[in-house]
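Before we start, here is the structure in question, set down as structure tokens.
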Protein chains: 2
Amino acid sequence: MEPGSDLGLGDSPLHRYLDGEFWSLKNELRRVLGGCPLFRHRYDLSLDEMRALTFQRVTFTMGLPLLKRAIQEQAEKTKNFISRSLVIGEVLSTADMATGVKCGIIYWLFGGAIRNLGSPGHVTKWLQPLQEQKYSGMFAMTERGHGSNVRGIQTEATFDLSAQEFVINTPCENAEKMYIGNAMYGNYAAVFAQLIINGRSQGPHCFIVPVRDEDGNLYPGVTAIDMMYKEGLHGVDNGILIFDKVRIPRENLLDKFGSVTPEGQYHSRIKNKSARFNAMLAALTPSRLAVTFQAMGAMKLGLTIAIRYSHSRRQFGPKAKEEVKIIEHQTQTLRLMPHLATALALTFASRYAGVLLDEDVFHGKELVDSRPLQALVAGLKAYSTWENIRCLQDCRECTGGMGYMMENRISGLKCDTDVFVTFEGDNVVLLQVVVRELLAQYTKQYEERPITSLLQSWAESGGDKLRTSFLAFNMDTVGNLTFLLKAVNFRERVLQRSLVARIYYKVMTKKEDFFSAWNSCLHHVASLSLAHIHRGCLPTVMTLPSPSMEPLLCPRATQRAGSCHFFNVHNLTKPAEETEAGRGEQLPKTPYR
Amino acid sequence: MEPGSDLGLGDSPLHRYLDGEFWSLKNELRRVLGGCPLFRHRYDLSLDEMRALTFQRVTFTMGLPLLKRAIQEQAEKTKNFISRSLVIGEVLSTADMATGVKCGIIYWLFGGAIRNLGSPGHVTKWLQPLQEQKYSGMFAMTERGHGSNVRGIQTEATFDLSAQEFVINTPCENAEKMYIGNAMYGNYAAVFAQLIINGRSQGPHCFIVPVRDEDGNLYPGVTAIDMMYKEGLHGVDNGILIFDKVRIPRENLLDKFGSVTPEGQYHSRIKNKSARFNAMLAALTPSRLAVTFQAMGAMKLGLTIAIRYSHSRRQFGPKAKEEVKIIEHQTQTLRLMPHLATALALTFASRYAGVLLDEDVFHGKELVDSRPLQALVAGLKAYSTWENIRCLQDCRECTGGMGYMMENRISGLKCDTDVFVTFEGDNVVLLQVVVRELLAQYTKQYEERPITSLLQSWAESGGDKLRTSFLAFNMDTVGNLTFLLKAVNFRERVLQRSLVARIYYKVMTKKEDFFSAWNSCLHHVASLSLAHIHRGCLPTVMTLPSPSMEPLLCPRATQRAGSCHFFNVHNLTKPAEETEAGRGEQLPKTPYR
């Protein structure tokens, strides 16, 4: 298949509607990449050749005026720059996932660290040459010993007062920076390390550390080990970075959240070490949402291929008659259509999350103060990347042997995006982020009432449950979207109340420590988290107007459809019982309200 | 990791118990392959190099005395030769999946076609040189237009009386043989084609067709097109075969089920064309079970890697204490342990299916007459290969970034075995095979009663359902294996009765044609089929004695544990209501009995 032909080019009302506000930007990029021979799919290259090709693709892409503009907008924090970058990432990933991921590493992660953790001076010094491709960067947070629990990283940045330098050091094997993308090509790394002054750590901070010069010679004290072969993303060079007392100037500390004076005094407006690191992580939220957009790109591409094939391939049929199209086999439809619905729901939900991020940034709000939004992005990342794996797996199976051939793209997408479920935050860990936020909201809501009354109200909720079960027997009701929203709302509420009750019992009555109480409820936590995200995504389906009924010719209408009335972040992250259930009548009051 | 170290070598009572009767054979093969430098894992090779290495591996393996003996046993149909071959296939696949699959193509599929569809003369002429690796073979059934519905293949074998030859021809693009393994290396193909005499087709038959000579020159009229890059199994050369009036001697028809005299007279002891093709397909049942063994090998290897890693890796923990092993995170255990249990259940269930096949063959029974056994093997193939995909996916995710690196094997196993769910019978189609057999049994059971009484009894089954639901509230009962068996039994029964009622209503009352009635129940069919296989596999867990309590030193004991009391093929394929539920009390009589 020629590049471009499967990139979803088109400008019908439906195309515009599904692509949202930036449909024309997406089409422009699709047209450029689709017509570029560099983006012909190659499966015949060695690892080195594939990496070299990806390097060329990244260089070509980032040299496009369209991309330069986007990067400039990022630096200037122009209105809606996040949403625009997100859709660019989505389109880029459908052209070639490795290129999308590598651009993400250089411009979202490395570039994002400078923009969001650095001072205006850092932005001026480092971003301009990055945009001009004078050098490229990498993002070095994960260590061998600490992937999910990044708070525990062991790389050290010790301040040397006399030299006015930080000494970046890897004290042990577990402190080696691992899985670092662009480690075999890149020039500078944004390295997270414990900032140590006078023998005392101020918690993890981010530093710009030189890795190799433009001729590829490693900087003294730096070792880069190639991690070689992965399941997919062959074009992305992942490696291990080891620092042996590497000296960098004091100015290379990205000091928005914490700085060191020439006299060796540490300053930060956030006194608590943990809160400070949270603020840094929060600032990186947009790059997590970028993964969701990349996963959606893969999903929609896989579905397009599988659904088209299912409408052309015939197999089995009534006796002595022509075989039927395989989409007409009930199982084929039932396997593919729910994924299509989910992909659409995720499209609108994650687009809306992008809008919210843009609004916060535009109003100068620190992302750490938007905890519900962080939880939403964490939940969307987990849900979308898991859904992507399941979706592409079904696409692969529904296309039989054809789906196993690389040239038909589905299996390649599967291998490339498999890592999404564990990178940028392991999904199981992200689900916990969502629930911690939910419980924080829940606690706030009940802070004036003794928690025992919760248990009481929970025990009384049986009647509510039966009413819902009874409704479910009515087929009309089951097919009604308002009822469905009530049902998922109900599910979330039950899971939430019972989780609170369990943890309360374990911690308060049984005197278990919080970690083990939480851990023994982890399956419950994961279920609640997914129930919460499902409830958040469902309304996006409910607000879809039929594009054939109402052609979306005016941009305002597109915008209205692209966001959605019911899906707002306050609903999403407030406990379920506070949420309006849908267009229809209110939920019956639960006994404890 | 060195080869062999992850192959499960060991001879403790537990090892022997889990490996079953042929544990020592398996260990012998593990030792040989583990010590062979040829089996070091390679990820740095081009497609051609990988195929060449796989060719070497196949040659080495098939030259081993142990393997030669097994192949000889296959030819002689020595007692238990199927079970022995199955475990050899399992071990081979854990060393290298592509080698396992390629050996399977040459010796199980091509060799199996000769053994099971040919005459004793064919066996003498073709098998001996195959065993001596004088040539290699391939199996050409699937066509571009017909993969699942192989009955509809369009390749033609027209008898030319004057030349005493068959003319093998590909009349159209849809008749091209596709995905043929060993197509770029092999010398002869077992080709399925419509046998045409005097312009009339006698249905699909199998023919030995030369593809290329030992120097690699294609036989006149044969075209082989390389299908190149796949998601996995890079060592297996899949290709497209096209025949342009290729002439083969009359004797190359494998004529066990249908022969042609020199005078051009067609003879078969099975008069019905469809029944005749069924008999041929049935004879190939053991190769379908071989896929289950290969999937189990992959699953157990993936689980070993993931569970070991989970016991060494630490992440998160109680405040100010050491981080805990990730296996102690509740979600990690809950994700991995059910797969381990399923892998064990499948080990015993499929081992038992192998024993049954061996018994049938030993007693000279045609496999077409063991329809329940065919259904069992079809169901096990579908269940095991899907479970394998899910299991390896969880193993990959539970090992984080490590699981994404090829050197840690899980992602390679995932890519290699992904095709198992659609080859050797698409899983969705196989589920239908199971249910057709179940319904045939059901019909037999009720043939003396009008089917309307079934509907009546189905409507009356509400009481039974409530009793089960009520029991489920008791936690002790839920944890009780006998109860669980009752529950899965109940689920199957409900699904079966309701399916019969639905189809009956559609066909008899609404006068729908059978195809569309069946198709509109396909999701129901798939659910029933899986419920049936689950019910068949569960008892294998119930019969596991504790190996530490009862060391399995005597071979009889091993045999007893390897098979199982409750799991017999008659239970498995009889409708659920006829099955004894477990060791405990009888199921409450349903109203209609």
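What's counted below: heavy atoms across the whole structure, side chains too, no hydrogens, waters or symmetry copies. Below, chains carry the letters A, B, ... as their sequence lines are ordered, and counting in each starts from 1.
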**Request:** Check whether any side-chain N or O of B:Q315 sits under 3.5 Å from a backbone N or O of A:H146 as a donor-acceptor pair, and report yes or no.
**Result:**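 Answer holds: no.
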
**Item:** Heavy-atom contact with chain B under 4.5 Å, split by part of A:V429
**Value:**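 It is the side chain, since no backbone atom gets that close.
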
**Asked** Taking B:R314 for the side chain and A:G145 for the main chain, is one N or O donor matched with an acceptor at less than 3.5 Å?
**Response**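 A pair under 3.5 Å: no.
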
**Request:** Counting only heavy atoms closer than 4.5 Å, note whether A:R390 contacts chain B via side chain, backbone, both or neither.
**Result:**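 Contact with chain B: none, neither part.
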
**Request:** Measure B:S148 against the heavy atoms of chain A and call it side chain, backbone, both or neither at under 4.5 Å.
**Result:**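 When you check distances to chain A, atoms from both the backbone and side chain of B:S148 fall under 4.5 Å.
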
**Asked** Which region of A:L45, side chain (C-beta onward) or backbone (N, CA, C, O), has a non-hydrogen atom less than 4.5 Å from a non-hydrogen atom of chain B, or is it both or neither?
**Response**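 Neither part.
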
**Request:** Please flag which part of A:Y179 lies under 4.5 Å from any non-hydrogen atom of chain B: side chain, backbone, both or neither.
**Result:**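 For A:Y179, side-chain heavy atoms alone lie under 4.5 Å from chain B.
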
**Asked** What's the verdict on side chain to side chain contact (heavy atoms under 4.5 Å, CB included) for A:E397 and B:W386, showing C-alpha distance, side-chain angles and the deciding distance?
**Response** CA-CA 10 Å; A:E397 296 183 20; B:W386 265 330; 2.8 Å; yes

**Asked** For B:N427, is it the side chain, the backbone, both, or neither that has a heavy atom closer than 4.5 Å to a heavy atom of chain A?
**Response**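 Contact with chain A: none, neither part.
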
**Request:** Give, as side chain, backbone, both or neither, the part of B:V428 having an atom under 4.5 angstrom from any heavy atom of chain A.
**Result:**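 Interface part for B:V428: side chain.
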
**Request:** Sort out for me which of B:F515, B:Y229, B:Y404 touches chain A most, counting heavy-atom pairs under 4.5 Å.
**Result:**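 Top option by heavy-atom pairs under 4.5 Å: B:Y404.
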
**Request:** Using only heavy-atom distances, determine whether the side chains of B:H524 and A:Q330 contain a donor-acceptor pair under 3.5 Å.
**Result:**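 The criterion, which ignores hydrogens and geometry beyond distance, is not satisfied for A:Q330 and B:H524.
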
**Item:** Heavy-atom contact with chain B under 4.5 Å, split by part of A:Q332
**Value:**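 Contact with chain B involves no heavy atom of A:Q332 at all.
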
**Asked** For A:M178, is it the side chain, the backbone, both, or neither that has a heavy atom closer than 4.5 Å to a heavy atom of chain B?
**Response**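 For A:M178, the side chain is the part near chain B, not the backbone.
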
**Prompt:** Relative to chain B, which segment of A:D513 carries a heavy atom at a distance below 4.5 Å: side chain, backbone, both, or neither?
**Reply:**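 Side chain only.
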
**Request:** Tell me, with the steps shown, if B:N519 and A:E328 meet side-chain hydrogen bond (donor to acceptor under 3.5 Å, both in side chains).
**Result:** CA-CA 8 Å; B:N519 187 36; A:E328 291 173 33; over 6 Å; no

**Message:** Taking side chain as everything from C-beta outward and backbone as N, CA, C, O, which of these in A:N238 sits under 4.5 Å from a heavy atom of chain B? Side chain, backbone, both or neither.
**Reply:**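 The answer is neither part of A:N238.
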
